[in-house]
**Q** 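This is the structure I want to talk about, given as structure tokens.
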Amino acid sequence: MQPFALPDFYVPYPARINPHLERAREHSTAWARRMGMLDTPKPGGGVVWDEAALARMDYALMCAYTHPDCDGPALDLITDWYVWVFFFDDHFLEQFKYSRDVTGAKAYLDRLELFMTADDETPPEPENAAEAGLRDLWERTVPAMSQGWRRRFITSTHNLMVESMWELNNIDRGRIANPIEYVQMRRRVGGAPWSANLVEYAVGAEVPDRLAGTRPMRVLTDTFADAVHLRNDLFSYQREVQEEGENSNAVLVFERFFDCSTQEAAELVNDLLTSRLQQFENTALIEVPGLLAEHAGPVAEPAGVAAYVKGLQDWQSGGHEWHARSSRYMNEGAVSDSPSVLRGPAGLGTSAARAVSPASLGLRSRARRHSHTPFRPVGHLPLPDLYMPYPVRTSPHLDAAREYAVGWARRMGMFDSVPGLEAGGVWDERRFLGFDFAHCAAMIHADASPEQLNLSADWLAWGTYGDDYFPLVFGARRDLAAAKLCNDRLPAFMPLDAGATPEPTNPIERGLGDLWRRTAGPMTASARQQFRTAVEAMTSSWLWELANQAQHRIPDPIDYIEMRRRTFGSDMTMSLARLAHSDEVPAEIYQTRVMRELDTAAQDYACFTNDLFSYQKEIEFEGEMHNLVLVVENFLDVDRCTARDIVADLMAARMQQFEHIIAHDLPALFEEFALDEPVREILTRHADDLKEWMSGILEWHRRCARYTEAELRRRRLPGTPGTFSLLPTGLGTSAARLVAPGPAVVG
């Protein structure tokens, strides 16, 4: 029996099939035989695959569904790639996952990477079918593609191979990931970004190198990948979890985290799958056209990007159809070939058309996401005990830093009136003293010198001021163009040559210019570039918040968590920490899973802390939609206290993961890369700094006045139910000043 009934899937586009299917079937079977994939032995006897097993899995059918428009030779090559990747996965399982042979697995993966060669390199002679297949495919594929595509494809192929070790280590330790860790890691180990690279080959249109790293293109790839993996987890739960003993499956992860039944977990995974697909659509329809307009290139470029987007779309629908038919997966009831008037059309490519329900149309999630009532009274949110295993330390220079901080903010103009606001400025001096950024800096940098502590407090003040400034000045009147112009000026105040800057026109520009001179002045040119990129990532995230607000749209949970790290400025903080030791720590170390997960676990803990404490401020007094408690409320359709507890559970899970990394993964990283003692000390100190960063941020939230109801009510406009007196003025803004509860309010 199936462990759960498959949910109603959101598949908005019908699957189509490539007319060259039979040719690809014949070709891929012959190719697998030549590569030795049909007679590779298992350690315990038998073979990994035989011809009958390959025929039942029918990867040619999958590729014909997922790439319906490419020609025959292209379909042959793409099918061979998928035969290879599934063989690799099954061969790796048989060789290393069952035996828990971690050492052998690492050696196997290290050697496999040697077959993705540069133009002037010669690969070694293959010693097994996986190596033979990769060598053949590499030689047939890369001559047609650019260097930029090759770099991206090598990275995604490296990830799906090497991150298999994460799965193996978790199996070995009997450890099940938390939901955030799982989604991040599944994206790397699952191979869908690799599939997205092959879509570029199939449609004959590469993503331009200058656009590949932008948020819209990155989100397209990430949402595509997450949806592919979540769908696969639903169909493969029975085989992976019940038969093979795997613990890398979203249904199992949700079962354990939410302490719910398998059926309930499957429904939650499907809801997240739907949300990711709708985020894909939103990005493709709203963000990508703006990106192409801003970065206007060759005439053919928009058509190429559109072909790529359509190729990803075709993959989703085709991938669903194949999962519903392949013998590899649990799919009872997913397809019915019996014609019926009530069932709708039958036959190849029609499964999506037969499933007509609110879930399959994605109506419930879409309606909830756009129907939030801003400024609704929510009251104080009582908080549960939050798991924090690390103590707080405070700098002895705190009092001097407090005195300095208020003078700096005054000089930068942060207490001045701001054009476009009803009265006063974004802050006044009383509010600033209550915020006490110097106290936060003194806890997160307890060992800083007086000058370093002042600088840290000023960065905290500047980032928070900007985060408050953008929604007040631009958000209430939905002036996204003015917000973008404001953001576009900011790089001029971070000159890479440390030269002159324009005359500042507001406190954000004035403060950034001052901070840049004090921070980036001693840096090398490359370090300045990296740091400026990190600052730009934070400031551009403020535009993302405004765009969601203009659409009256509560963010998708994964998009929110990943962007929250930027809006909070935590990416910038980590960048500074890395640049401080850029000469001593090899750059590749910071790209490892261990360091990425260490940083993001700490970032999430701090970000979620802020969301818990700021819930009333943001929801009731500011009409905000960017708060994880609200995102969870909306996504799971639960009350605020249930959502609060889930956020607290996520914080605890990320903290426990942080502890696990320090206890197990960091020492293993030291050994794997044979790091010398000074580098080990730097990375250990980095982990210790993150402990103080998290504990200091939590303590600051507990003590500062920014989130207290008394302070919030002091700033409210008399006679109005829920907003501050800082509202836009001028022609066309009267409606924004009439603040009353109800769905008509848009400010």
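Just so it is clear, the model here is predicted, and its values are computed rather than measured. In this chain, residues are counted from 1 in sequence order.
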**Q** Would you say Tyr10 and Leu273 make side-chain contact, with heavy atoms under 4.5 Å?
**A** no
**Q** Could I get the full list of side chain to side chain donor-acceptor pair (under 3.5 Å) partners for Trp149, not counting sequence neighbours?
**A** none
**Q** Closest approach of Pro124 and Phe115, non-hydrogen atoms and distance?
**A** O-CE2, 3.1 Å
**Q** Looking at every non-hydrogen atom in both residues, tell me the closest pair between Glu200 and Val207 and how far apart they are.
**A** OE1-N, 2.8 Å
**Q** Should Arg593 and Asp665 count as an ion pair when the cut-off is N to O under 4.0 Å?
**A** yes
**Q** For Asp676, is the CG atom crowded, meaning more than 12 foreign heavy atoms sit under 6.0 Å from it?
**A** yes
**Q** A side-chain contact here means heavy atoms from C-beta on lying under 4.5 Å apart; do Gln603 and Phe568 qualify?
**A** no
**Q** Scan Phe235, Trp315, Tyr65 and name whichever one has a ring-ring contact (aromatic ring centres under 6.0 Å, His included) with His320.
**A** Phe235
**Q** Got Asn178 and Val253 here, is their nearest side-chain heavy-atom distance under 4.5 Å?
**A** no
**Q** Using 30° and 60° as the class limits, which term best fits the ring planes of Phe658 and Tyr390: parallel, tilted or perpendicular?
**A** perpendicular
**Q** How far apart are the closest heavy atoms of Met57 and Ser326, and which atoms are they?
**A** O-OG, 3.3 Å
**Q** Hey, what do you get for CD (Gln656) to CZ (Arg175), rounding to the nearest 0.5 Å?
**A** 9.5 Å
**Q** Kindly state whether the ring of Trp49 and the ring of Phe87 have centres lying under 6.0 angstrom apart.
**A** yes
**Q** Quick one: are Phe88 and Leu160 in side-chain contact, heavy atoms under 4.5 Å?
**A** yes
**Q** Heavy atoms, side chains only, cut-off 4.5 Å: are Leu612 and Met651 in contact?
**A** yes
**Q** Would Trp81 and Val85 count as a side-chain contact (heavy atoms from CB on, under 4.5 Å) if you check the C-alpha gap in whole Å, the side-chain angles of each, and the deciding distance to 0.1 Å?
**A** CA-CA 6 Å; Trp81 270 113; Val85 80; over 6 Å; no
**Q** Using the ring-ring contact (aromatic ring centres under 6.0 Å, His included) rule, take Tyr605 and Trp693 through it: C-alpha gap first, then chi angles, then the decisive distance, then the call.
**A** CA-CA 10 Å; Tyr605 188 95; Trp693 190 69; 9.5 Å; no
**Q** Is it true that Arg135 and Glu125 make a salt bridge, defined as a side-chain N closer than 4.0 Å to a carboxylate O?
**A** yes
**Q** With a 4.5 Å heavy-atom cut-off, do Leu683 and Met595 have their side chains touching?
**A** yes
**Q** Is it true that Arg187 and Glu562 make a salt bridge, defined as a side-chain N closer than 4.0 Å to a carboxylate O?
**A** yes
**Q** Do Leu38 and Asp50 touch side chain to side chain, with heavy atoms closer than 4.5 Å?
**A** no
**Q** Will you find, in the side chains of Tyr59 and Arg328, an N or O donor that is under 3.5 Å from an N or O acceptor?
**A** yes
**Q** Can you confirm whether Arg111 is buried at CZ, in the sense that more than 12 heavy atoms of other residues, nucleotides or ligands lie under 6.0 Å from that atom?
**A** yes
**Q** Do Val251 and Phe4 make a side-chain contact, defined as non-hydrogen atoms from C-beta onward lying under 4.5 Å apart?
**A** yes
**Q** Please confirm whether the backbone N or O of Glu181 pairs with a side-chain atom of Gln184, one donor and one acceptor, at under 3.5 Å?
**A** no
